[in-house]
Amino acid sequence: MIVPERPGAEPHDGAVPESYASAPQRGRRWIAVVGVFAQNRLALVSAAFLVLFALFCFIGPLVHSTDQVHTNLSIVNLQPGSPGHVLGTDGQGYDQLGRLMIGGQTSLEVGVAAALLATLVGALVGAFSGFFGGVADGVIMRCVDGMLAIPTVFLLLLLAAIVTPTKTTLVVIVALISWLVTARLVRGEALMLRTRDYVAAARSMGSTSPRTVLRHIVPNSLSVIVVNATFQVADAILVLATLSYLGLGLAPPQTDLGGMLNDGMNYVYNGTWWLIWPPGVAIVAIVVAFNFIGDGMRDAFEVRLQRR
Amino acid sequence: MKKSLAIVVAGAAAGLMSLAACSGGQSTGSGSGSSQSGAPRQGGTATFAWLPNSVPNYIFPMNSSTYYSVQNMEQFQKLMFRPLYMYGVNGQPVVSTNASLAYAPTFNDAKHTVTVKLRDYKWSNGESVTAKNVVFWQHLVTAEKNNWGGYVGGLYPDNITSVHIDNAHQVTFTLNANYNHTWFWYNELTYITPLPMAWDKTSDGATPGSGGCTNDVSRCAAVYKYLASQAKNLQTYASNPLWQVVNGPWKLKSFQSNGNATFVPNSKYSGPDKPHLAEFKTLAFTSTDAEVNELRSGSSISVGYLPATANVSKSASGAASNPMSSSYNLVPWYWWGIDYLQPNYNNPKVGPLFKQLYIRQALQHVVDQPSVIKGALKGFGSPTNGPVPLEPKNPYASSYERSNPYPFSVSAAETLLKSHGWSVVPDGKTTCTTAGSGPGQCGPGIAKGTALTFNLMYADYGPAYDQSMNLFRSNASKAGIAVNVQKAPFNTVIGDTVRCKPTDSNCSWQLSEYGGWALRPYPTVGQLFSTATSDGGWNDPKIDGLIAAATRGNSNAALTAYQDYLAKQVPLIWQPLPVQQLTEIVKGLNGVTPLNPMLTLTPENWYFTK
């Protein structure tokens, strides 16, 4: 049977497949990607912001040391500018600036870890599903569809009620609902890539299915995976914030930005803006920054967009 | 368990907003409190705001566990259907003989009897309240005790062997033993609510009395079934002729299932406290914010409440600052209860730890009640040192309990642990280094290397409880005791806090805080501490004997021995008790205070002045 040539039968951007590229070729490509990314000012500013915020969260406690373990009810809700408390204190008497640091730590750690885990699982499931196709693909994708059909908040509430929230369990919970989108995207890429000549060539030379997926399908889906991972971080931080805002986050004395926001809402009628604005703004800024970075990376990876 | 759950629910509802008591049983108003000057004016409408999601949903005063709530019993049914004895006098948890249907009971210990003589009260249909109405209740509750939320095996009505009508206005109960007179009067006879003959039937069109329950216990099941089914139809509360036969000061004019209701005075009410108001209304709110917004508008609420997070404080003189002082007087509503952490003595992991007195003492030492009351409760709370409340001021609390046997002291907690073979690591992992049962050793069932760590689950009652529980966690950590706190909805906490065996799958809970316990007027709480009924599996034959002595003998020393022993043994980790709510009373409305520590509503005493 003669298979008519169709768009997509070869790498759509004309680039050398990742798995075929030599080391110098790969290096030049990544340099090009970084170059394009660097031209996106919003993405650059966002990246700089995230670096600074990470330094604030992880290095800050070394500079501004506060007790974030023991509560002190004699200094609750002190206003910003109070002696020793630049950003005031919260409803437990914790220094709010120090709280913002450890809350930010948690949000970044859980957000990034959950995104990585979701991306890893989603990419592998999607790649194998798309590569094998047929019944296996149908079953896996129907399962994904089924899970996507469950309201996220319901699933989160259920899971959070079953397990005791710790950083590890929160990473797993958030990843559990996040890998689905990645799987669908990578599966789409795999469906396309599996028809490429270089995949057929690898198969004809005896490459096993797992090796083909891991060495040819996944590497050539990297642009989709990386861009999606960036958005996943933003989404994961939002999901974590949602969980904590609903009171299903980490147990004290741990906290995250959503948890801080939740605590602050208790005093919303008391004018304690410093309990709400800092974590609220931080959540928005982090999520927006990751989204801008994601946009920048998509542009950098997508050759067709570069040509426009 | 059924009984304890029922009372807990009532107590939890009470503790929902956090509340207050008036010092000495009197309100600590905002300096103005609720003045009672000026001659009462007849007429006017007063409105009362329900706490969010806490509205009445049952009108028949024999409540099953499902409906055994403060809102149903104390704030709705009693307006229409009076029990034999009303409690709450001048903010004190005592029976009001003046406002009750009966005179003080007469006990005959030689015959194990108690005689109750009724006052001359009328039902709204013109019939007299008679001994038959009392017997009707007694038969009904005897036949359907398992459908009554107040039932505890061995106590009322099990401890009444017979009831005899002496004459139309006098009834005599024969008991299975002699009981403490005050206890039996305050805690058992106060359950009895005379029921009208119009309810003794089994269908809508039946003749009053045809149900036969008044004369024959065996015929009560059908009557109960009929009445219970009628009570489940909330839409007909104001129109069903059954519920229009009342002996209280109020009749229901309208009722909505959301809790909005209008009461009008019962023109046939024969008690001394006839209503001054033309109407009394209750308003339901879906959230505290909605209620506060309505309160701010100053339009429709006569008696409302502030959220626990409101900007209020209590001065040294006891007066409360009031953010709505232009329109309202602020009065904290103290209630008759205790608050505590419930340990699970049967938990396979930490049960052996809780069984050690020194560990319970250490846990009690790290409860900083003064700081919680001052900081989290803003002064509107009272300490709990034992099974008897310290506020409102009362004659029951012993000097030993008042002295607080285990005051806040992290160092004392550390010392106790170190002296019993623990390697204490403040803010770290404290472990047992000297296992064994002898002096200076950790105790039986505690292996070497065991970590001193507990999981504490508490009900989500808002920021004040968050602060209280976190302060406990924080102070415990300083003493080397790791407490992992987790907040959960009330229903989750109360559902998990069950009596269990170590091998049961539901025995994983360790420490639980569900909001405390609303006491009956005479402060013995056998359900919490007796070997047979303790949710936590507290097992102590001595306390069983002390409970029996306190409820059966008439010696005050027995009550003192009971509370002193429990205060010393700390079977529960005592916690400060918040007030029921920070009540806002519109200016010009009088007679609202002193608020009833049993949380009973008595709007018949409210009035506007001329």
Side-chain angles (χ1 to χ4, degrees), chain A residues 65-79 89-95 98-99 102 157-170 243-255 258-273 275-276, chain B residues 288-289 292-293 295-296 306-312 323 366 368-378 410 426-428 455-479 482-489 491-492 495-496 508 510 576:
Chain A
S65 179
T66 57
D67 183 353
Q68 294 291 326
V69 174
H70 302 116
T71 65
N72 185 350
L73 297 188
S74 64
I75 56 167
V76 298
N77 294 339
L78 293 182
Q79 290 194 337
T89 61
D90 70 2
Q92 302 289 343
Y94 291 127
D95 178 80
R99 204 75 181 148
I102 70 158
L157 293 176
L158 180 68
L159 291 171
I162 293 171
V163 300
T164 302
T166 64
K167 283 186 181 179
T168 305
T169 56
L170 284 174
L243 265 180
S244 300
Y245 187 76
L246 294 174
L248 300 168
L250 295 165
Q254 298 179 93
T255 191
M260 293 178 68
L261 201 54
N262 181 34
D263 294 340
M265 290 302 289
N266 288 323
Y267 304 94
V268 69
Y269 286 113
N270 295 357
T272 51
W273 60 267
L275 301 184
I276 298 170
Chain B
T288 303
D289 290 347
V292 170
N293 285 336
L295 207 60
R296 283 187 171 134
L306 290 178
T309 55
N311 269 329
V312 296
V366 295
D368 187 358
Q369 298 202 59
S371 290
V372 171
I373 294 171
K374 183 181 179 184
L377 306 180
K378 299 168 183 174
V410 172
D427 297 324
N455 295 330
L456 164 60
M457 179 169 55
Y458 69 98
D460 185 4
Y461 288 138
Y465 266 82
D466 292 341
Q467 291 174 322
S468 177
M469 294 299 99
N470 275 304
L471 185 62
F472 174 66
R473 174 198 57 73
S474 174
N475 291 328
S477 177
K478 290 177 183 173
V483 178
N484 307 310
V485 296
Q486 184 186 3
K487 182 165 58 176
N491 286 337
T492 301
D496 286 358
S508 60
Q510 298 182 357

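None of the values given here were measured: they were computed from a predicted structure. First the proteins, then the strands, lettered A, B, ... as listed; each starts at 1.
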Segment of [X] engaging chain A (4.5 angstrom heavy-atom cut-off):
{"X": "B:Gln486", "result": "side chain"}
{"X": "B:Asp466", "result": "both"}
{"X": "B:Asn470", "result": "both"}

Does A:Tyr267 have more than 12 heavy atoms from other residues, nucleotides or ligands lying within 6.0 Å of its OH?
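Counting neighbours around OH of A:Tyr267, more than 12 heavy atoms of other residues, nucleotides or ligands fall under 6.0 Å, so yes.
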Should we say atom NZ of B:Lys374 is surrounded by more than 12 heavy atoms from elsewhere, each under 6.0 Å from it?
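12 or below, so no.
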Largest heavy-atom contact set with chain A, pairs under 4.5 Å, which of B:Val292, B:Asn484, B:Asp427:
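Heavy-atom pair counts peak at B:Asp427.
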Worked verdict on B:Leu295 versus B:Leu306 for side-chain contact (heavy atoms from CB on, under 4.5 Å):
CA-CA 9 Å; B:Leu295 207 60; B:Leu306 290 178; 4.2 Å; yes
A:Pro253, A:Ala251, A:Gly93: which one forms the most heavy-atom pairs within less than 4.5 Å of chain B?
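Of A:Pro253, A:Ala251, A:Gly93, A:Pro253 has the most heavy-atom pairs under 4.5 Å with chain B.
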Is A:Pro165 close to chain B through its backbone or its side chain, or both, or neither, when contacts mean heavy atoms under 4.5 Å?
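When you check distances to chain B, only side chain atoms of A:Pro165 fall under 4.5 Å.
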Could you pull out all residues at least two apart from A:Ser65 that satisfy side chain to side chain donor-acceptor pair (under 3.5 Å)?
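Result, side chain to side chain donor-acceptor pair (under 3.5 Å) vs A:Ser65: none returned.
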Look at the side chain of A:Gln68 and the backbone N and O of A:Gln254, then say whether any donor-acceptor pair between them is shorter than 3.5 Å.
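Answer holds: no.
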